[in-house]
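Okay, structure first, notes after.
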Amino acid sequence: MGDTNGQVVAGGNGEGNRLDQLDRPIDVLIDKEADSLIICDRWNRRVVQWSRRSGTIQGEILIDNIGCWGLAMDDQRYLYISDTDTHEVRRYQIGDKNGTIVAGGNSRGAGLNQLNDPTYIFVDQQQTVYVSDNDNHRVMKWNKGAKEGIVVAGGEGKGNALTRLSYPHGLFVDTLGTIYVADSHNHRVMRWPKGAKQGTVIAGGNGKGEGANQFNGPDGLSFDQHGNLYVVDYWNNRAQRFSIE
């Protein structure tokens, strides 16, 4: 906190597909046990791992030839990856190249057993998988072992009513099952309590813009342990922090 300069921890050698390069990375998580970063290197169609130890100059490929977008890791160190090519989420053991389908996987569509361009994901302690089902304008919840998902936010088509989403992206679910989602084309972050039929706007929602109370295409989001909300404000080329009541 308080730093005015960041430090490069992966890539930084220009756009490319060498092991010391990335090309438009879109999601990242920290594997604390391995003290490494796991990165969806989207335009290289691969998921890579970079050690956080000093002296690391390149990453290693975990999974290749995948239209990855979102990443998550559960308490057992299973890695979850959403794939926008196959419209599914798979769970992998580190080192396993094939994985197991845990959401979608029945081609592109709007059925409860389908996804359409799944972006960011969140996995809870019960290995429940939540998915921002981007082109279906909904958030889906897939219980462990389920053959189909449950709509838990949106699902009424694209729109800006409080019952609707428009291309949902970043996703976080708290221990009460409350969903926080970056509603990207509505330029707002919404909160959906468990079982609610509509959400409330907790950040943005004041139209597209550059103001401190506005977004232009909010994308990834995260919370810190103090409850501060961090949002990637994509087309404004910035990250914003909000304290949420």
Side-chain angles (χ1 to χ4, degrees), residues 24-29 38-48 62-74 78-92 96-124 126-159 164-173 177 179-186 189-190 192 199 217-222 231-232 234:
R24 284 163 277 189
I26 200 162
D27 203 6
V28 60
L29 58 81
I38 296 176
I39 302 164
C40 168
D41 188 11
R42 181 163 170 81
W43 284 70
N44 281 326
R45 297 182 44 76
R46 65 190 185 187
V47 175
V48 294
L62 290 179
I63 297 149
D64 217 345
N65 195 29
I66 183 172
C68 66
W69 190 303
L71 302 172
M73 185 172 273
D74 68 20
Y78 282 102
L79 177 64
Y80 297 74
I81 306 172
S82 66
D83 187 335
T84 57
D85 290 354
T86 54
H87 309 286
E88 67 192 22
V89 179
R90 282 182 179 258
R91 182 179 68 221
Y92 298 81
D96 166 25
K97 301 285 188 192
N98 297 316
T100 306
I101 296 172
V102 292
N106 295 296
S107 72
R108 177 202 298 260
L112 292 177
N113 68 343
Q114 294 177 303
L115 298 168
N116 187 352
D117 208 23
T119 57
Y120 293 101
I121 55 180
F122 185 91
V123 179
D124 71 14
Q126 285 74 47
Q127 296 183 326
T128 308
V129 179
Y130 295 82
V131 188
S132 280
D133 191 9
N134 186 58
D135 284 9
N136 283 327
H137 313 291
R138 66 190 185 183
V139 176
M140 298 294 288
K141 172 185 177 180
W142 289 65
N143 291 312
K144 186 178 180 181
K147 297 298 180 203
E148 60 180 42
I150 303 158
V151 180
V152 289
E156 295 189 355
K158 180 171 66 169
R164 295 175 184 251
L165 298 169
S166 182
Y167 302 101
H169 279 197
L171 190 58
F172 183 88
V173 184
I179 293 159
Y180 299 82
V181 59
D183 190 10
S184 69
H185 283 212
N186 285 324
V189 175
M190 297 193 75
W192 290 65
D219 198 48
L221 60 81
S222 186
V231 185
V232 174
Y234 189 84

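Because the structure is predicted, anything quoted here is derived from the model rather than measured. Numbering starts at 1 and runs along the sequence shown.
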Should the heavy atoms of other residues, nucleotides or ligands under 6.0 Å from OH of Tyr234 be counted, would the total exceed 12? no
Which donor-acceptor pairs under 3.5 Å do the side chains of residues 165-173 make with protein atoms, sequence neighbours left out?
residue: His169; atom: ND1; partner: Asp219; partner atom: OD1; Å: 2.5
residue: His169; atom: NE2; partner: Asn134; partner atom: OD1; Å: 3.1

Would you please name every residue forming a side-chain contact (heavy atoms from CB on, under 4.5 Å) with Asp85, sequence neighbours left out? Arg45, Asp83
Does the side chain to side chain contact (heavy atoms under 4.5 Å, CB included) test come out yes or no for Ile179 and Phe122, once each step is laid out? CA-CA 10 Å; Ile179 293 159; Phe122 185 91; over 6 Å; no
Using a distance-only test with no angle check, is there a side-chain donor-acceptor pair under 3.5 angstrom linking Tyr80 and Asp74? yes
Distance check, rounded to the nearest 0.5 Å: Tyr92 atom OH versus Leu71 atom CG? 10.5 Å
Without placing hydrogens or testing angles, list every side-chain donor-acceptor pair under 3.5 Å for residues 103-110, not counting sequence neighbours.
residue: Asn106; atom: ND2; partner: Asn113; partner atom: O; Å: 2.7
residue: Arg108; atom: NH1; partner: Asn116; partner atom: OD1; Å: 3.0

Under the criterion side chain to side chain contact (heavy atoms under 4.5 Å, CB included), I'd like the reasoning laid out for Val89 against Trp69: C-alpha separation, chi angles, the key distance, then a yes or no. CA-CA 10 Å; Val89 179; Trp69 190 303; over 6 Å; no
Return the CE to OG distance between Met140 and Ser132, rounded to the nearest 0.5 Å. 11.5 Å
Using side-chain heavy atoms (C-beta onward) and a distance below 4.5 Å, is Asn136 in contact with Val151? no
At their closest point, which heavy atom of Pro218 faces which heavy atom of Asp183, and how far apart are they? CG-O, 4.1 Å
I want to check something: taking the side chain as every heavy atom from C-beta on, are Val139 and Trp192 in contact at a cut-off of under 4.5 Å? no
Nearest heavy-atom approach of Pro25 to Ile39 is CB-CG2, 3.7 Å
More than 12 heavy atoms from other groups under 6.0 Å of NZ on Lys97: yes
Please give me the minimum heavy-atom distance between Lys158 and Arg164, naming the atom from each residue. O-NH1, 3.6 Å
CZ/Arg138 to CD1/Ile150 distance, rounded to the nearest 0.5 angstrom? 12.0 Å
If you compare all heavy atoms of Ser82 against all heavy atoms of Gly70, which two are closest, and at what distance to 0.1 Å? OG-N, 2.8 Å
Are the side chains of Asp124 and Tyr130 in touch, meaning some heavy atoms are under 4.5 Å apart? yes
Should Trp142 and Leu115 count as side-chain neighbours, where that means a heavy-atom distance under 4.5 Å? yes
Considering non-hydrogen atoms only, spot the tightest contact between Ile81 and Ile121 and give its length. N-CD1, 3.9 Å
Gap between atom CG of Asn143 and atom OG1 of Thr128 - 0.5 Å precision: 5.0 Å
Atom pair CZ/CZ of Arg24 and Arg42 - distance to nearest 0.5 Å: 10.5 Å
Nearest 0.5 Å, please: how far is CG in Asn98 from CD1 in Ile63? 9.5 Å
Under 3.5 Å, side chain of Asn44 to main-chain N/O of Arg46, donor-acceptor pair present? no
